[in-house]
Structures are given as structure tokens and as C-alpha cells.
Amino acid sequence: MSELEEEYRLDYFEEEGFYRKQCPVTDAYFWTRDPDRETCGEPPADDYSFIDNPGFDEEYTLEEMREKFLSFFEEHGHERIEPYPVAANRWRDDVLLTQASIYDFQPLVTSGQTPPPANPLTISQPCIRMQDIDNVGKTGRHTMAFEMMAHHAFNAREEVGDEYAYSGEVYWKDETVELCDQFFESMGADVSEITYIEDPWVGGGNAGPAFEVLYRGAELATLVFMSMEQDPEGEYEMKDGNRYSPMDTYIVDTGYGLERWAWVSQGTATVYEAVYPDMIQFLKENAGVSMTDEEEELVHRAAKLSGYLDIDEVDDVYEARVGIADELGVDAEELTSLLRPLEDIYAIADHCRTLAYMFGDGIVPSNVGTGYLARMVLRRTKRLVDNVGVDAPLDELVDMQAERLDYQNRDTIRDIVRTEERKYRETLERGTRRVESLADEYADSDESIPLDDLVELYDSHGIQPDMVRDIAEARGATVDVPDNFYSLVADRHEGEGASEAAEEREERLADLPDTEKLYYDDQERTEFEAVVLDVIEREEGFDVVLDQTMFYPEGGGQPADHGTLSTDDATVQVTDVQIRDGVVLHRADADPGKGEFVRGQLDVERRRRLMRHHTATHVVGHAARRVLGDHVRQAGAQKGTDRARFDITHYERISREEVKRIEQVANDIVMQNLAVKQEWPDRHEAQEKYGFDLYQGGIPPGRNIRVITVGSDVQACGGTHVRRTGDIGAIKILTTEPVQDGIERIVFAAGDAAISATQATEDSLYEAASVLDVTPEDVPATAERFFTEWKDRGKTIDRLKSELAEARAAAETEEIDIDGTPAVVQRLDGDADELRATANAIVDEGKVAVLGSAAGGSAQFVVGVPDGVSINAGEVVGELAGRVGGGGGGPPDFAQGGGPDVDALDDVLEETPNVLRQVLDA
RNA sequence: GGGCCCAUAGCUCAGCGGCAGAGCACCUCCUUUGCAAGGAGGAAGCCCUGGGUUCAAAUCCCAGUGGGUCCA
């Protein structure tokens, strides 16, 4: 079965007298010390046997168990590492959340580009797995938030020498299994009950042999030996159908589920009771969930039974429950009604911990990325809380977990939860109203609410179909929610997302040496000398490659330098600079000649402005954190010569007051004229000293990283900076705008650009003041007064027009008779409002009105007909307008129309009486 | 990053090419004095902004601004 069979034959197993067996139930191969053992230990081959029968010497809480594990591995030569944030997208762009401890070291450490913080190391890494969200609370063992305890060793083959950031072997399979055994033993486990199941691991382009470690029916650890990478020519075919070949690096990747270990030590019926005892107690009391001793006993036995079953999906739970109820001799419905509230409470506890991790690690709710996931979890939690009748604010519940997890930013977390809860409540209120009016519309008819409406309610308004059904049924309307509802929603999203054009690799560049970067040596220098190594002709211009350069290539949100390259004979203009694989390409308008010696001269003014804006970006970022809170992080930045934009994570719109305070704090930093320091420290030392906030603009590779210090603000950054904050001159925030939910953009100008920007704003104000003929200070009040006055005049004009219309109607007008009905046909060059008003006044006197106007460059008619006269105004207008080359229409009693032929207007009015008679006859 | 929805009176919304509307709130009067009181009258709108189409745009099209929502 396993092509890797040889990989699993460890000396350690030999020495310890293990047997290799095949499980008759699961067909899996496994290793055990017990000669009589037949099954592999994993459900359904074996049951949970630790419930009510703890598997270790003592019971442990989460905190105790974590400490037990970490200190065990410390004593065995591992260095303890602080956990990383749960938001993995802060250091890698292929995933959103941290789902395993190895995520902390991908991709830079596992690929060997960057050394690990310690080797070997041990860590307990908080993780979030959204995949399990539906199972949480119901299966008894799934949690969305968990800690993966782990020990890792990073090895590189002896023969590759020091090509990678680590070399040689720390330890490999035998030692890993031995450590695992020893840890079990130190916990007082009966090692003869442990089984090591052979289970090759594949993931993320890597693969390797692995063991699942089972004890008393519970999978307590996974030992992965990552040693292969995907390779079409590879010698091993793995379970994903791809071929793999050995890598130069090979890594011990273990995972010990903290929650499972605590659970097994306590032997409670569900994992939740072992992990969240206090919170569950609180929620039960708050929601008034109480049970008799018999009920309590029943629930406990049911939970224990469901633990024996192999349940991986929620659907299975309800099927399984029927069987469980049968076995306990109770009604399935009755059992369900006892379990439901508990399931909700378990889920709430787990979700609150998830939220505490997310917000504690600086995730801000949003419509995109991790922020969206956080929003989904929060809304789900809110529904559960309401459903089970917990009467406590959500921010308090999340705070209970945040406190336990020892987060320092608890006030911000609560603030975020409250804001988010408010937004959700508003969405629900909006949704409820919308559904109610829709339900009323369909309540009287036999039709149910159409599926299209249901899909739209969910997709565009965030209203769950269940909620639609509840509201609609209360109002007597029917709703059918098809089972494939969510796939219908998905259909609406089909065809989204554009394909990306493959990036072409430049082979010619591969032969060129990395360009030496002079721009970090002295950021004030603007001239240099260099040799032209190569010139590549492009569609527009030439890419010049030098041996060294002062030109800063576009990167990190800082645009490229401009300038010139001169030989003795010629000067070429550099209009763009890019870097590809370490080679700097200078886009020039002419070919300076390969092998030539050139003098480079930067566009000094441009560079200065870029530097000021870049340093100012750090200052503004720091000021924003001070004013808005520690959750503020950079979400993108673009510097320019006359302004820069800086996107930050924040959960509300930034108020005018806050903008002013940020501006003040930023300019304070400028005035303090602090030194801007550039250093290249060891990455792990820097990270330990300054924390993860160092990486605002992404994580650079390498052993050492470039760090820029401005006052108390420290960031990894590759850009060019001024020497002291005073060199920025001034910082002016121009605007703030929302880029997406949870991300605000701050646009600002620095130095002379700040002055220009301020002047431009003032110009607008002075111009407005001059138009109003008042001082700038009086502009707001005057504008207000003028606007009010303007509105009043509009009303007055309307009133006068209707008075004028009445007067006109009452005046002596030529009246004609259309078969007994009096009619007025008149030319009146006014706008449509005047015509309408006059026509209405004439109609009020019981006469037919036909008015024509040539105002506004076109011929226009309005026709009004009093009640009881069988003339169709629309038809009349249609006929008249047709004669001036246009069209028109309207209801039978009042119509308007017109056309471009103004000259024909009088003739048409002349013929109008005949037209009226025709229409009457018709 | 992409899709979809929305913007009209203080609030909630209807109108969807042809005279700017309703309910609630507000003001005045009458009736009544027990929990969303009733009746009569009234005031209150740059129909988000800017273009376009049209004889005519709150209404249709495009762009912008603001808000909502779903998905990766």
C-alpha cells in the first residue's frame, strides 16, 4: 500500500521492540509495542476510551498543559518561540489565517532562504480553521480556534554545504518519534497503548512520510517528515496523484493539539468542557439552561456515545443521534431538545475565543480577506447568542476570552465588537423591513416568494433564507428554500475573476550580476559613476544595466528615480527604473553604448520630494496609531512627488477631529527633528525586539533586514529616507477616504508639496469669498444664508408662477367652442412649469387648454382636459407634436410634448381647433 | 480583488419616462384624557453629484461620491 514503506522502518522501533501491523478495519499500517494489538487505534477501529477515564497522571487546564509541553521540549534541547499572529496574511500572501505551526516558517524558512528563529524550536501556535465551523459544538471534538503545540527541526543535506540559511542535520525521524514517546511517558501515559499509524502527508507542494499518533482512541499528534517537493519526474507518487522527489532541505513538522491533550487528561464528555469550563458555566447560567440530575446524566451519556462514533460532518450528527437515542432508550426529539442549547453554548465559547484571537492580533472587520472571515464569525456568534437566549453583550463575551488570552488591546477589541454588532443590527433591521414588505406583497396571493428574490435578499442584502422564512410565515406568506440554495448563489458569481497573464522570464538578465545598490550607502548623494554592462532594446527606449547605481528602482510604494546618464559624448534621460532578480534596469531614451563609462545624475528635486514623502509616510503611520489605536496597520502605500497615499486598517470612518489630531502628532514629530536611522540587524533579533509590527509593508527575505527607525517608530523598509524628521518640513493631510470596509486611505503632502496643497485649498476659499464678496471667515455663514435664500426664492417663484397662471387664465382670452365644450388655444412663451400651471388654471374653469411655447429653443405643447370631456389629451399632443417634428404623450386628462420645428408653432396652433374636433369625433 | 443592491420630506420607504407621493415624526385647531389615541388643516424636497439620451429624466445610459451585501 505504502510506497514509502522503507521510510517508516525506524531504528527506534527496532530497538524498542515495536511491531508493524495492518489494521483490519481501516487497512492502515501502524506500529505498536503491544504484540496482541490488532486495530490501529483510530475510530471507527477503536473507541474513545479516555472519557470518564483520563489518560494521564493528572488533569490539566489548557495553560498547564501548554506549559508542560513547552518546558518538556525546552529540557530536551529546544528553544521556546513566542507564537505568531493568527493572521497569517501578515507574512505570506497565499493564505489568510494561521492553520498550523509550520505556517509560521513558510515560505522563507522552509525553502531555506531565511534561517529559523531557533533550531530546533518548540512553540504553541494559536490557529483558526474555518473549515470546521459547522461542526463546532455539535461533534464534541471540533473547535475553530485551537493551539497547535509543536517542535520543529530544520535540516539540510550535508552535501549541499551552506547553500541554504541552515546546514546539516539537527535530528530526524528516530529522534522525533522518541521525543513523542518520551513526552507521553512524562505525562504518565501507558506507552503500550500508543499506536503510530503510517499516513503519508501531502500539502502545499510538499510531501513526506508522516505518523498519526493515537492514544485511547484520540489522535493526539501528527509527526510529519517534510522532505519532498512536487516534481513531474519524481520517483514517488503520493495520494494526491502527483509525483514528488526529495528536497535539499528536510524538516520535522509536528503538531500536538493542545485542546485534545487537555481533554484526554480531564476525560470530560466533550472537548469544550475541558477547554472552556468557566465560560460554559457562565453561559448556561445566563441563558437559564438548567437540567435535572437525570437530564444531566442523560446528556453526559449521549455525549460519551457520540464520541465513540466516527462523525466528521454535521449531517452525520443527526443521523447518529437517532441511534444514540435508541441505545439510551429515549426519544430522539427529546434528546435533541436537551442538546441543542448546549451545542449553541459550546459554539459560542469557541467562537468568542476565535474572535478574541482575530481582533487581538489586529484583524479589522471588513468586506474582504481576514476581515470578512472575522465578520462572518461575529455574525454567526451573535445569531447563536440570540438563539440560545444569552443576555450579555457580545463585547463582554469576547472580552472574557481576550482577558484569558492576555491581550493588551482589550478596549479596542471591545470597541470593534460593539461597532460590528451595531452594523449587523442595522443590516438586520433593514433586512427585516425589506422582507416584511415583500411578504405583505405575496401574503394575499397563492404564490410563494420567488426564488430570485430569496437569492437577491441573501446576496445583496445579507439576509439568510431562514430569516426570510420566519418573517414571511409570520405574515402569512410562503417561502420555499431549495436544498441547493447556496449553490444558486454561487451560480450568480460564476464567471467572476479575470485570468492573469503569465509573467515572462527574461533569460538575458539571468547572466548579468546583481547591480550594486549605492542608494543605501548615502541617501543624500545624487551623482555616481558606473560601467554599462548591457543595453537591452525595448519597444520604447532602452533598458540600461550598470555595474552599480544610485537610481532607486520602483518598489515598496516608492516610485523610481529619474535623471540622466552621461558619457563624454552624449547624455541619455532615465525615465523609469525597475529591479528584476537583483538587476536594476534603467529605462533610457537612447543607447549610451555597452561598455561605456557613464556618470549618473539623479533628478535631485524629484528624489528629495520622494524621500520626504516616504519618511513622512512612516511619521503619519505612527501618528495614526497613536491617535486611532494599535490595531492600525499599513494596508498599502504609494508615495509621489506632490502627494502620498497611505492605507490603514481601521474599523470606522476617520473623523475630522481625528484627522486634525493625526496631523498635529505628525507635525510634532517633524518639529522634534528626530534622527532617521538605517540599520541592517539580524531579522530574528529585530523581530524579537520590535515584534511583528515591524513588517508593515510585507516581509523581506534574508538573514538581515533593513530597518528604519523614526523616533519610536521602527519598520522594515527598503525605501530612501531623509536624515532627520525636520527635513520633511511639514505634513498636511489632504483627504481621507474609505478604500474598502475596514481600510481608510489617508492622502497627505509633505514639504513644499504640503505648502502648495494648502495654498490650493486656500485659493478655493478666497475665490469663494470673493464671489460672495465677504471675508473668508464669513464664507460658511454666507453660503448657508445664500443657500437658504436661494431655496426661498425658488418657492416664491413657484408661487408667483401659479398666481401668474391663474391671472392669465382669468384674463380675456380667445375662447373657441369644440362641440359645446369651451377651449382655449394660446401661444405663451414660458417654460414647462408655467405652461402646466396655466393649463391647470384653465382646466379648473372647465375649459380645454392647449398651450404652445417656443421658449428654450424648441416648440412645446401642454394640453389639459377637464373631467367629463371626451378628448384624449395624449392623442392631441401626439398629433400637434408630430407636426413640429417631435413627439409627446401623457395621461388622457393632461399631456405634454414638443418638437424642434419652432417656426411651425404658430401654424400648428392655428390648426389646433380642427385637431381637437377630429380627436373628439374619433 | 470581483459580483450584486441601494441613494426621493427629519425617519422608513413607494413612484421607474409625462403635474413629487405615503406612513411615522413635526406645527395649528378640534375631540378625547389609560399606553403606538381620534378628526381637520399645515409646513417640510438642489429626487446624492456631474455628464449623456429625449420634445420631456427623480425615472433610461455613463462616470463619480456615499452606504450595504455576497464570494475568493
[X]: what forms a side chain to side chain donor-acceptor pair (under 3.5 Å) with it, not counting sequence neighbours?
X: A/Glu456; value: none
X: A/Ser858; value: A/Gln860
X: A/Glu744; value: A/Arg653
X: A/Glu429; value: none

* **Partners meeting salt bridge (Lys or Arg N to Asp or Glu O under 4.0 Å) with A/Lys423 (sequence neighbours left out)** => A/Asp741

* Structure fact -> Under a 4.0 Å heavy-atom criterion, the protein footprint on nucleotides 15-21 of chain B, written with B, S and -, is ---BB--

With a 3.5 Å cut-off and sequence neighbours excluded, list the donor-acceptor pairs that the side chains of residues 785-793 of chain A form with protein atoms.
| from | atom 1 | to | atom 2 | distance (Å) |
| --- | --- | --- | --- | --- |
| A/Thr788 | OG1 | A/Glu784 | O | 2.8 |

* **Residues within residues 778-791 of chain A bordering RNA chain B, heavy-atom distance below 4.0 Å** => A/Phe787, A/Trp790, A/Lys791

* Asked: Which residues, if any, of residues 418-437 of chain A bring a heavy atom under 4.0 Å of RNA chain B?
  -> A/Thr427, A/Arg430, A/Arg433

* Residue pairs, two or more places apart or on separate chains, that pass salt bridge (charged side-chain N to carboxylate O under 4.0 Å, His left out) and touch residues 897-906 of chain A -> A/Arg827-A/Asp906

Would you tabulate the nitrogen or oxygen pairs shorter than 3.5 Å linking the protein to nucleotides 8-11 of chain B?
none

* Please list every stem that involves RNA chain B, where a stem is a run of 3 or more consecutive Watson-Crick or G-U wobble pairs with both pairing distances under 3.5 Å. => B:1-7 with B:65-71, B:10-13 with B:21-24, B:26-30 with B:38-42, B:48-52 with B:60-64

